[in-house]
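What you see is a predicted model; the values in this text were computed from it and never measured.
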Amino acid sequence: MIPSPRSAVPDVPFAGLGETDLVVDAVYAGGTLGHSGDDPIGKLLPGTGNQGGFRYAGSPAKGTVRLAVLYTSGGAVDWPDHLDTETGTFTYYGDNRTPGKGLHETPRKGNVLLRDAFTHSHGTVHERGSRVPPFLLFEKAAPGRAVRFRGLLAPGGPTLAPDDELSAIWRTAGTQRFQNYRSRFTVLDQARIPRAWIRHVLAGGDPLDFECPEVWRTWVESRVYRPLLAPATTVIRSAAQQLPDDRTGQAMLAEIREYFRGRETDFEACAVAVWRLIAPATGTADVTRPSRDGGRDAVGSYVLGPSAAPISIDFALEAKCYEPDNSVGVREVSRLISRIRHRNFGVLVTTSHFNRQVQSEVHEDGHPIALVCGRDITDALRQHGRTTPAAVREWLQQSFPHAR
């Protein structure tokens, strides 16, 4: 998910918003009068509006959008917008979020904008240049109405198939089913968006002229993505960072622990399913019998290469259905490490967290072990549509029925 808003002294005061460039991760202050005029995006990008997740200059219905803003509060658990800063991939959900309307019948026409932008992104150079507006990503920050700029977006991504870039997904509210879009963008490697270019684009000028960022020009002219990649420097996560920081996420994990209470070995199949959500290229995976597992709860393969000539890498998986205050320690991880063969890897999935020593040893000694903690589980479930405790309970009951 988008990280929780961080309290900070804004980098740019409200009075200076109309003259400033946009800098990645800079915070732009909101006003203090207590009404919609306090919104900083409307000052940063005049004419795009001051409310909603979709804001734009132009008309989606007429195909004349010149510049678009995607705004996320990070707080919609049913629609978990997600920025992967390491790969530059941003997942954003459309604006048909309640039943009663068709996919493209929303008041702001945000889904129309998504549909047309992704369609024309696969068109000619002229179509990309004239029908796909530059997208600018902002997220809620603190204090007050402040926002943080997260980057310049292009629809799609270098490793995504067209069906993965924009897909219509079903949701249920009560007994009513409805569709919304899940879209995936790439944050382009551009640290600063010049104010002069913003003015030029908003005035209706050719977006490839007048200080156009080179990464945008490259994408328009060749559909080549240059993502902003930001590998994490912190490899040791605290206990708090490994567990959900919201009540809904905590309740989702509690549902899993309670469902398998007294039969924790049955959690192994659930752990394999969670790993598949995180690593979709996982091939066959078999839960081993407790009396014969040799210390492994499951064994499987991860598939690489073209579908006509794939190769597989074997892995061993262990599952620990622990309470949140019961960390996974060195003993459990050492047991898995000792059973990994050459050129294999290991996966350890827990509903709890890993202590600091475990993380340090795995990282410093270079052990090929993927450590999947409680927050990773809830993030994976949310990204695949299981966003409430009730939805998780339904998934558990359908996927892992109790033995009769």
Side-chain angles (χ1 to χ4, degrees), residues 2 17-18 20-22 28 30 36-73 76 79 81 83 90-97 101-121 123 127-140 145 147-156 165-166 180-188 190 193-210 212-213 216 219-220:
I2 292 286
L17 297 182
T20 186
D21 295 345
L22 295 180
Y28 298 86
S36 60
D38 293 340
D39 177 75
I41 296 176
K43 303 294 184 182
L44 285 165
L45 305 166
T48 60
N50 55 19
Q51 295 183 43
F54 286 95
R55 312 184 192 190
Y56 41 76
S59 168
K62 296 178 181 179
T64 59
V65 175
R66 301 183 297 279
L67 184 141
V69 170
L70 300 183
Y71 171 76
T72 178
S73 67
W79 308 103
D81 301 333
L83 175 60
F90 176 59
T91 301
Y92 192 73
Y93 290 83
D95 58 353
N96 193 38
R97 301 189 173 194
K101 300 185 295 294
L103 179 61
H104 303 115
E105 296 174 357
T106 58
R108 291 285 295 167
K109 301 298 181 185
N111 281 356
V112 171
L113 176 60
L114 290 178
R115 178 198 65 192
D116 293 347
F118 279 83
T119 296
H120 293 299
S121 75
E127 287 176 312
R128 280 194 296 277
S130 62
R131 299 298 301 276
V132 182
F135 284 83
L136 301 174
L137 173 60
F138 290 87
E139 71 178 29
K140 180 177 175 59
R145 288 179 175 260
V147 297
R148 187 181 303 273
F149 177 60
R150 299 297 258 165
L152 171 64
L153 304 175
E165 294 179 349
L166 183 69
N180 195 17
Y181 275 134
R182 180 178 60 213
S183 60
R184 291 193 168 97
F185 292 81
T186 295
V187 181
L188 299 179
Q190 181 73 26
I193 309 299
R195 169 57 52 180
W197 185 62
I198 293 172
R199 287 178 178 148
H200 176 73
V201 172
L202 289 174
D206 184 346
L208 298 187
D209 290 339
F210 208 75
C212 171
W216 182 255
W219 181 80
V220 169

*Asks:* Heavy atoms, side chains only, cut-off 4.5 Å: are Val201 and Phe210 in contact?
*Replies:*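 SC-SC contact between Val201 and Phe210 ruled out.
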*Asks:* Which atoms form the tightest heavy-atom contact between Gly63 and Arg131, and what is the distance?
*Replies:*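 For Gly63 versus Arg131, the nearest heavy atoms are O-NE, 3.5 Å.
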*Asks:* Would you say the side chain of Gln51 lies within less than 4.5 Å of the side chain of Asp39, judging by non-hydrogen atoms?
*Replies:*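 Counting from C-beta outward, Asp39 and Gln51 never come under 4.5 Å.
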*Asks:* With respect to Phe149, which candidate in Leu137, Asp21, Ile41, Ile193 satisfies the side-chain contact (heavy atoms from CB on, under 4.5 Å) definition?
*Replies:*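 Going through the options one by one, the only one that passes is Ile193.
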*Asks:* Using the benzene-type ring in the case of Trp, are the ring centres of Phe54 and Tyr56 under 6.0 Å apart?
*Replies:*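 Here the rings of Tyr56 and Phe54 have centres that are no less than 6.0 Å from each other.
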*Asks:* Might you point out which heavy atoms bring Pro134 and Leu152 nearest each other, and give the distance in Å?
*Replies:*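 Nearest heavy atoms, Pro134 then Leu152: CB-CD1, 4.0 Å.
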*Asks:* Of all the heavy-atom pairs spanning Leu67 and Thr48, show the shortest one and how long it is.
*Replies:*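 Distance-wise, the nearest heavy atoms are CD2-CG2, 4.3 Å.
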*Asks:* Do Tyr92 and Leu153 have side-chain heavy atoms sitting under 4.5 Å apart?
*Replies:*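 No, every pair of side-chain atoms sits at 4.5 Å or beyond.
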*Asks:* Which word best sums up how the rings of Phe138 and Tyr28 line up, parallel for under 30°, tilted for 30 to 60°, or perpendicular for over 60°?
*Replies:*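 Perpendicular, since the angle between the ring planes exceeds 60°.
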*Asks:* For the residue pair Pro133 and Trp216, what are the closest heavy atoms and their distance?
*Replies:*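 For Pro133 versus Trp216, the nearest heavy atoms are O-CH2, 3.6 Å.
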*Asks:* Would you say the side-chain atoms of Asn111 pair up with the backbone N or O of Leu103, donor to acceptor, closer than 3.5 Å?
*Replies:*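 Pair found, side chain donor or acceptor close to backbone of Leu103.
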*Asks:* Specify the closest pair of heavy atoms between Gly94 and Leu114, including all atoms of both residues, with the distance to one decimal.
*Replies:*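 Closest approach of Gly94 to Leu114, heavy atoms only: CA-CD1, 4.0 Å.
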*Asks:* Keeping Thr106 on the side-chain end and Asn96 on the backbone end, is there a donor-acceptor pair under 3.5 Å?
*Replies:*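 Looks like no, no N/O pair under 3.5 Å.
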*Asks:* Work out which heavy atom in Glu139 is nearest to a heavy atom in Tyr71; give both atom names and the distance.
*Replies:*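 Minimum heavy-atom contact is C-CE1, 3.9 Å.
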*Asks:* Hey, do the aromatic rings of Phe185 and Phe118 have their centres closer than 6.0 Å?
*Replies:*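 Here the rings of Phe118 and Phe185 have centres that are less than 6.0 Å from each other.
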*Asks:* Is there a side-chain contact between Asn180 and Arg97 (heavy atoms, below 4.5 Å)?
*Replies:*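 Side-chain contact under 4.5 Å: yes.
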